Asker: 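This is the structure I want to talk about, given as structure tokens.
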Protein chains: 2
Amino acid sequence: MLFRIDPSLDETLFAQLVTQVRLAVAQGVLQPGERLPAARELAASLDLNVHTVLRAYQLLRDDGLIELRRGRGAIVTARPAADHAKLLAAIDEVVREARALRFSPEATATLLKEAFSS
Amino acid sequence: MLFRIDPSLDETLFAQLVTQVRLAVAQGVLQPGERLPAARELAASLDLNVHTVLRAYQLLRDDGLIELRRGRGAIVTARPAADHAKLLAAIDEVVREARALRFSPEATATLLKEAFSS
DNA sequence: CATTTGTTCTATCAACACTAGAACAAGTAG
DNA sequence: CTACTTGTTCTAGTGTTGATAGAACAAATG
């Protein structure tokens with residue numbers, strides 16, 4: 001499993017990791033029962049602090065995507081989402097409309113986040 | 001013109017203001033030539049600091065939505081968007097799909113920004 | 001002229017992400 | 001049983017950023 005963390009993005013590091021694991025699970029790249037790298041190991045390979053990786057893992061556990069067990073690590077429990085393609089399609093539609101209105105990516109992202117709050 | 005700022009949201013205060021002005025302009029609620037409240041005045045009525053309001057105004061100016069002139073204030077320069085409703089509808093669809101997959105607002109926003117770049 | 005309004009500056013405070021290190025608990029593997 | 005792995009919990013420090021606050025200034029208005 002390969003993850004990419006980009007510290008220059010405005011999304012926090014642990015959130016980037018959460019997003020990538022979530023997508024991998026949704027797409028079936030990570031299957032139920034499969035094991036994620038140990039936190040210390042992943043932290044070393046991504047050049048992150050262990051706590052940052054663990055924070056992502058714990059959020060994923062709170063969302064029911066993985067199970068955390070001492071001595072064993074993080075095991076995927078969630079099943080692939082049948083319709084994650086619909087999300088990607090909907091996002092493409094937003095990008096199309098936003099471009100037509102000359103809305104910047106940031107402005108559109110802001111609108112999206114506001115839509116979440118209501 | 002009426003704006004609502006909610007400090008309990010995770011969106012920053014100045015970003016909330018930017019979004020609301022942007023939407024008002026897109027919807028034609030704010031017409032070109034129309035004047036926004038003076039920063040000090042709006043800050044008082046929204047219970048914000050002047051600098052917070054000015055930060056929002058300056059971002060809007062950088063995006064070409066308003067013009068800032070000393071002694072005169074903030075004047076709307078952008079024209080209403082023909083079809084902002086389609087954008088809002090598309091955004092709603094994204095929010096629905098993202099919620100179904102338990103994607104966080106931030107994760108979804110990140111996906112959106114990535115979609116913009118491709 | 002006085003007033004309005006944006007501009008620029010310094011400064012402080014709080015929250016938060018991230019890092020760091022240590023000790024600990026519970027499971028695994030020999 | 002022992003050694004190792006791995007997550008859990010704790011304290012603590014650092015840096016960034018949003019927001020607040022106040023002051024002085026510049027330019028346009030009336």
Side-chain angles (χ1 to χ4, degrees), chain A residues 1 3 5-21 33-77 106 109-110 113-114, chain B residues 1 3-21 33-77 104-107 109-110:
Chain A
M1 200 49 223
F3 298 116
I5 298 299
D6 184 350
S8 75
L9 295 182
D10 58 347
E11 194 184 10
T12 58
L13 304 182
F14 71 87
Q16 287 182 47
L17 186 51
V18 166
T19 301
Q20 292 188 27
V21 173
E34 203 164 335
R35 187 176 168 278
L36 291 175
R40 287 171 176 84
E41 180 188 337
L42 186 54
S45 80
L46 293 179
D47 195 24
L48 295 179
N49 191 278
V50 190
H51 299 295
T52 305
V53 173
L54 278 172
R55 183 168 179 185
Y57 278 10
Q58 282 154 6
L59 283 175
L60 289 165
R61 177 196 53 194
D62 293 346
D63 266 16
L65 274 81
I66 65 176
E67 203 175 84
L68 293 179
R69 307 266 290 271
R70 305 192 219 210
R72 183 177 301 180
I75 290 95
V76 176
T77 56
E106 289 71 25
T110 302
K113 286 187 192 173
E114 250 204 8
Chain B
M1 200 52 223
F3 298 117
R4 294 175 305 101
I5 299 298
D6 184 350
S8 76
L9 296 181
D10 59 345
E11 193 184 10
T12 59
L13 305 183
F14 71 87
Q16 288 183 44
L17 186 52
V18 165
T19 302
Q20 292 190 26
V21 173
E34 203 165 334
R35 186 177 170 281
L36 291 176
R40 287 172 177 81
E41 181 189 335
L42 187 55
S45 81
L46 292 179
D47 195 24
L48 296 179
N49 191 278
V50 190
H51 297 95
T52 305
V53 173
L54 280 171
R55 183 168 180 185
Y57 277 10
Q58 283 154 7
L59 283 176
L60 289 164
R61 177 197 54 194
D62 294 346
D63 265 17
L65 274 83
I66 65 176
E67 203 177 84
L68 291 179
R69 308 264 291 270
R70 304 191 220 213
R72 185 179 297 182
I75 290 95
V76 177
T77 57
S104 72
E106 291 70 25
T110 300

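Only a predicted model underlies this, so the values are computations on that prediction, with no experimental measurement involved. Below, read A as the first sequence line, B as the second, and so on, with proteins coming before strands; counting in each chain starts at 1.
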Asker: What integer distance in Å separates Leu36(B):CG from dT5(C):C1'?
Answerer: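 One finds 13 Å between C1' of dT5(C) and CG of Leu36(B), rounded.
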Asker: Run the side chain to side chain donor-acceptor pair (under 3.5 Å) test against Asp6(B) and tell me which residues pass, sequence neighbours left out.
Answerer: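 For Asp6(B), the residues satisfying side chain to side chain donor-acceptor pair (under 3.5 Å) (neighbours in sequence not counted) are Ser8(B).
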Asker: Do Ile5(B) and Leu17(B) come within less than 4.5 Å of each other through their side chains, counting heavy atoms only?
Answerer: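 Ile5(B) vs Leu17(B): side chains touch.
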Asker: Under the 3.5 angstrom rule, does the side chain of Glu67(B) hit a backbone N or O of Ala74(B) as a donor-acceptor pair?
Answerer: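 Absent.
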Asker: Atom NZ in Lys113(A), atom OG1 in Thr19(B): separation rounded to 0.5 Å?
Answerer: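 If we round to the nearest 0.5 Å, Lys113(A):NZ and Thr19(B):OG1 are 10.0 Å apart.
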Asker: Determine yes or no for a side-chain-to-main-chain donor-acceptor pair under 3.5 angstrom, with Arg35(B) supplying the side chain and Arg72(B) the backbone.
Answerer: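 Yes; judged by distance alone, with no hydrogens or angles, the pair exists.
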Asker: Can you tell me how far the CG atom of Leu60(A) sits from the CG atom of Leu65(A), to the nearest 0.5 Å?
Answerer: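 One finds 6.0 Å between CG of Leu60(A) and CG of Leu65(A).
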Asker: If you fit an axis to the five pairs at each end of the helix from dC1(C)-dG30(D) to dG30(C)-dC1(D), how big is the angle between those two axes, to 10 degrees?
Answerer: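 So the angle between the two local helix axes works out to 30°.
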Asker: Please evaluate residues Val21(B) and Phe3(B) with respect to the criterion side-chain contact (heavy atoms from CB on, under 4.5 Å), reporting the C-alpha separation (whole Å), side-chain torsions for both, the decisive distance (0.1 Å), and the verdict.
Answerer: CA-CA 8 Å; Val21(B) 173; Phe3(B) 298 117; 3.7 Å; yes
Asker: Is Leu13(B) close to Gln16(B) at the side-chain level, that is, under 4.5 Å between some pair of heavy atoms?
Answerer: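 Yes, close enough: below the 4.5 Å cut-off.
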Asker: Given side chains that start at C-beta, do those of Leu48(B) and Phe14(B) come closer than 4.5 Å, heavy atoms only?
Answerer: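 SC-SC contact between Leu48(B) and Phe14(B) ruled out.
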Asker: Whole Å only: how far is the CG atom of Leu9(A) from the C1' atom of dA17(C)?
Answerer: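 Going from CG in Leu9(A) over to C1' in dA17(C) covers 15 Å.
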Asker: Find the distance Phe14(A):CZ to dA17(C):C1' and express it as a whole number of Å.
Answerer: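 One finds 7 Å between C1' of dA17(C) and CZ of Phe14(A), rounded.
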Asker: With heavy-atom distances below 4.5 Å as the criterion, would you say the side chains of Glu34(A) and Ile75(A) are in contact?
Answerer: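 Result no, sub-4.5 Å side-chain heavy-atom pair not found.
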Asker: For DNA chain D, which residues of residues 38-57 of chain A approach it to below 4.0 angstrom with any heavy atom?
Answerer: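 Of all residues in residues 38-57 of chain A, the ones placing a heavy atom under 4.0 Å from DNA chain D are Ala38(A), Ala39(A), Arg40(A), His51(A), Leu54(A).
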Asker: Find the distance between CD (Gln58(B)) and CZ (Arg61(B)) and round it off to the nearest 0.5 Å.
Answerer: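 If I round to the nearest 0.5 Å, the distance is 5.0 Å.
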Asker: Can you check whether Arg72(A) has a side-chain N or O nearer than 4.0 Å to OP1 or OP2 of dA29(C)?
Answerer: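 No, Arg72(A) has no side-chain N/O under 4.0 Å of OP1/OP2 on dA29(C).
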Asker: Which residues within residues 58-66 of chain A lie with some heavy atom under 4.0 Å of an atom in DNA chain C?
Answerer: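 Nucleic-acid contacts, sorted: none.
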Asker: Tell me which donor-acceptor pairs under 3.5 Å the side chains of residues 36-47 of chain B have, and how far apart each pair is, sequence neighbours excluded?
Answerer:
| residue | atom | partner | partner atom | Å |
| --- | --- | --- | --- | --- |
| Ser45(B) | OG | Leu42(B) | O | 3.2 |

Asker: In this structure, how many angstroms lie between the P atom of dA17(C) and the CG atom of Asp10(A), rounded?
Answerer: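 Going from CG in Asp10(A) over to P in dA17(C) covers 13 Å.
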Asker: What is the 5' to 3' range of DNA chain D, first to last nucleotide, that sits under 4.0 Å from any heavy atom of chain B?
Answerer: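 Result: dG18(D) to dT29(D).
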